[in-house]
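These numbers were taken from a predicted model, which means no experiment stands behind them. Any value given below was found using the heavy atoms of this structure, including those in side chains, with hydrogens, waters and symmetry copies removed.
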Amino acid sequence: MVTTPAISVDALLKRYPRVTALDGISLDIPTGCIYGLVGPNGAGKSTLIKCLVGALRPTGGSIRVLSIDPTEDRWRLRRRIGYMPQEIALYDDLTVRQNVRFFGSAHMRHGLDDAVDRVLAFVALTDRADAAIHTLSGGMRQRVSLAAALVHPLDVAILDEPTSGVDPELRRAFWDGFRRLRDGGATVIVSTHQMSEVVECDRVAILDHGRIVVEETPADLIARGARRVRIRRRDGTVEEVPVGDYRQELPGILGVDVEAIELVQEPLEDVVLRLIGGSR
């Protein structure tokens with residue numbers, strides 16, 4: 001059975017007088033997955049996200065989010081998505097709870113207070129619920145912004161660098177929450193520059209200079225990495241030998257004085273940087 005993608009982008013262009021921010025991007029994002037947008041600063045991630053939520057009008061191409069054109073009907077779309085921008089947009093003189101409640105009230109009336117309590121617990125800010133935004137650190141403001149994006153029922157969550165400035169323990173909790181959203185049927189779009197988060201996604205698109213370098217699963221991305229066999233001999237010498245299918249090649253590599261063997265996988269960050277460098 002063929003299902004309609006949650007998000008479909010075809011030949012998307014966004015040009016400014018001196019810069020092409022998006023250069024003909026096409027992709028389909030399945031319903032009910034965590035989809036990562038990865039790339040360096042200026043790659044086009046935030047521009048793509050702003051086009052998806054209707055905050056920017058593309059120069060060309062087409063977009064459908066939940067079968068809705070975000071440019072023509074962004075207000076209908078906003079009722080069904082949660083959006084966390086990279087630039088934090090909160091009211092400094094309101095408290096944490098008041099900010100989250102304000103954004104939630106645009107989409108729901110019944111059960112709003114319970115929903116606010118739930119997302120404040122999710123971002124670990126229950127004890128700061130009555131603090132004014134201007135008293136919070138940058139990382140805490142980031143957490144309030146995420147809570148505001150997720151407070152109402154949604155079909156798609158579009159999150160621009162949601163874990164920036166978040167400590168490792170809370171980052172793990174966030175990703176657990178993203179997986180719960182996915183398992184509940186929502187589609188979660190996450191932009192990130194942290195390689196450790198790439199493997200948390202179901203699919204990943206690597207962007208550079210407004211183009212998609214590669215789009216595939218993290219497992220396929222890792223498989224692109226070079227592998228070497230590290231051999232430590234009894235005399236203390238160590239050598240690394242590049243291998244393809246190490247199971248077939250090991251017999252010819254080994255010698256009688258081998259003490260230990262390790263398979264060394266190229267780090268994912270190096271794979272991504274090499275793919276980006278090869279696209280230029």
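Neither side chain, Thr95 nor Asp130, offers a donor N or O lying under 3.5 Å from an acceptor on the other. Side-chain N/O atoms of Thr217 and Asp220 include a donor and acceptor closer than 3.5 Å.
Counting heavy atoms from C-beta on, the side chains of Asp73 and Arg76 come closer than 4.5 Å. No side-chain heavy atom of Pro5 sits under 4.5 Å from any side-chain heavy atom of Thr31. Within the 4.5 Å cutoff, no side-chain heavy atoms of Val190 are placed close to those of Leu37. Put simply, the side chain of Pro40 does not reach to within 4.5 Å of the side chain of His193, judged on heavy atoms. Inter-residue side-chain proximity for Leu221 and Val214 is flagged as met; some heavy-atom pair is nearer than 4.5 Å. Side-chain contact between Lys50 and Lys14 is absent, with no heavy-atom pair separated by less than 4.5 Å. At least one side-chain heavy atom of Asn99 sits less than 4.5 Å from a side-chain heavy atom of Ile133. In this structure, the side chains of Cys51 and Pro58 come closer than 4.5 Å at one or more pairs of heavy atoms.
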| Should Ile63 and Ser8 be marked as a side-chain contact (heavy atoms from CB on, under 4.5 Å) after you check the CA-CA gap, both sets of side-chain angles, and the distance that decides it? | CA-CA 6 Å; Ile63 308 171; Ser8 184; over 6 Å; no

| message | Set out, in order, the CA-CA distance, both residues' side-chain angles and the distance that settles side-chain contact (heavy atoms from CB on, under 4.5 Å) for Val199 and Ile222, then state yes or no. | response | CA-CA 9 Å; Val199 295; Ile222 290 171; 4.0 Å; yes

| side-chain contact (heavy atoms from CB on, under 4.5 Å) assessment of Leu12 paired with Ser26 | CA-CA 6 Å; Leu12 188 65; Ser26 296; over 6 Å; no

| Between Glu72 and Arg57, does a salt bridge (charged side-chain N to carboxylate O under 4.0 Å, His left out) hold up when you go through it step by step? | CA-CA 9 Å; Glu72 302 301 327; Arg57 180 178 290 273; 3.7 Å; yes

| Given the rule in the side-chain contact (heavy atoms from CB on, under 4.5 Å) test, do Glu239 and Arg230 qualify, once you have shown the distances and angles that lead to the verdict? | CA-CA 6 Å; Glu239 63 177 312; Arg230 180 179 295 151; over 6 Å; no

| field | salt bridge (charged side-chain N to carboxylate O under 4.0 Å, His left out) between Arg64 and Asp28, worked out | value | CA-CA 10 Å; Arg64 291 295 183 273; Asp28 287 329; over 6 Å; no

| field | From CA spacing to verdict: salt bridge (charged side-chain N to carboxylate O under 4.0 Å, His left out), Glu200, Arg179 | value | CA-CA 9 Å; Glu200 305 286 356; Arg179 282 188 286 272; 2.6 Å; yes

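Placement of Leu159 and Met140 within a single hydrophobic cluster is found when ILVMFWY residues are connected by side-chain heavy-atom separations under 4.5 Å, directly or transitively. With hydrophobic clusters built from ILVMFWY side chains whose heavy atoms lie under 4.5 angstrom apart, Leu27 shares a cluster with Val156. A chain of hydrophobic side-chain contacts below 4.5 Å, direct or via other Ile, Leu, Val, Met, Phe, Trp or Tyr residues, connects Ile29 to Ile81. If you chain together hydrophobic residues whose side chains sit under 4.5 Å apart, Leu56 and Val9 never meet in one group. Hydrophobic clustering, with ILVMFWY side chains joined whenever heavy atoms are under 4.5 angstrom apart, groups Leu146 together with Trp175.
To the nearest 0.5 Å, atoms CG (Asp92) and CG (Leu90) are separated by 7.5 Å. Rounding to the nearest 0.5 Å gives a distance of 14.5 Å between NZ of Lys45 and CD1 of Ile189. In this structure, CD1 on Ile212 lies 7.5 Å from CG on Leu48, to the nearest 0.5 angstrom. Annotation: the span from Ile34 atom CD1 to Cys201 atom SG amounts to 6.5 Å, rounded to 0.5 Å. Rounded to the nearest 0.5 Å, atoms CD (Glu215) and CG (Leu207) are 10.5 Å apart. Put simply, CD1 on Ile88 and CG on Asp160 are 11.0 Å apart, with the number rounded to the nearest 0.5 Å.
Gln142 places no side-chain N or O within donor-acceptor distance of the main-chain N or O of Gly139, the cut-off being under 3.5 Å. A donor-acceptor pair under 3.5 Å is formed between the side chain of Thr187 and the backbone N or O of Gly32. Formation of a donor-acceptor pair under 3.5 Å by the Arg78 side chain with backbone atoms of Val53 is found in this model. For Thr192 (side chain) and Gln194 (main-chain N/O), a donor-acceptor pair under 3.5 Å exists by modelled atom type. Remark: the backbone N or O of Ala132 is paired with a side-chain donor or acceptor of Thr135 at under 3.5 angstrom. A distance-only check finds a donor-acceptor pair linking the side chain of Thr59 to the backbone of Arg15 [under 3.5 Å].
Salt bridge status for Asp202 with Arg182: present, with a side-chain N to carboxylate O gap under 4.0 Å. Note on Arg203 versus Glu216: no salt bridge recorded, every NZ/NE/NH1/NH2 to OD/OE distance being 4.0 Å or above. Taking 4.0 Å as the cut-off between side-chain N and carboxylate O, Asp117 and Arg97 count as a salt-bridged pair.
Between Phe174 and Phe178, the angle of the ring planes lies from 30° to 60°, which puts this pair in the tilted group.
The minimum heavy-atom distance linking Leu13 with Gly24 is given by the pair CD2-N, 3.3 Å. Ala173 and Phe122 make their closest contact through O-CE1, 3.6 Å (heavy atoms, listed as atom of the first residue, atom of the second, distance). When all heavy atoms are compared, the tightest approach of Arg79 to His107 is CA-ND1, 3.6 Å. Taking each heavy atom of Gly44 and Leu22 in turn, the nearest pair found is O-CD2, 3.5 Å. Nearest heavy atoms, Val204 versus Pro218: CG2-CG, 4.0 Å. Pairing each heavy atom of Val123 with each of Leu170, the nearest pair is O-CD2, 4.1 Å.
Within 6.0 Å of atom CG in Asp93, 12 or fewer heavy atoms from other residues, nucleotides or ligands are found, so the atom counts as exposed in its surroundings. Shown here is Asp183, whose CG atom has more than 12 heavy atoms of other residues, nucleotides or ligands within 6.0 Å.
A search for side chain to side chain donor-acceptor pair (under 3.5 Å) contacts involving Thr163 returns Glu197, not counting sequence neighbours.
The only member of Arg228, Arg274, Arg224 that meets side chain to side chain donor-acceptor pair (under 3.5 Å) when paired with Glu266 is Arg274.
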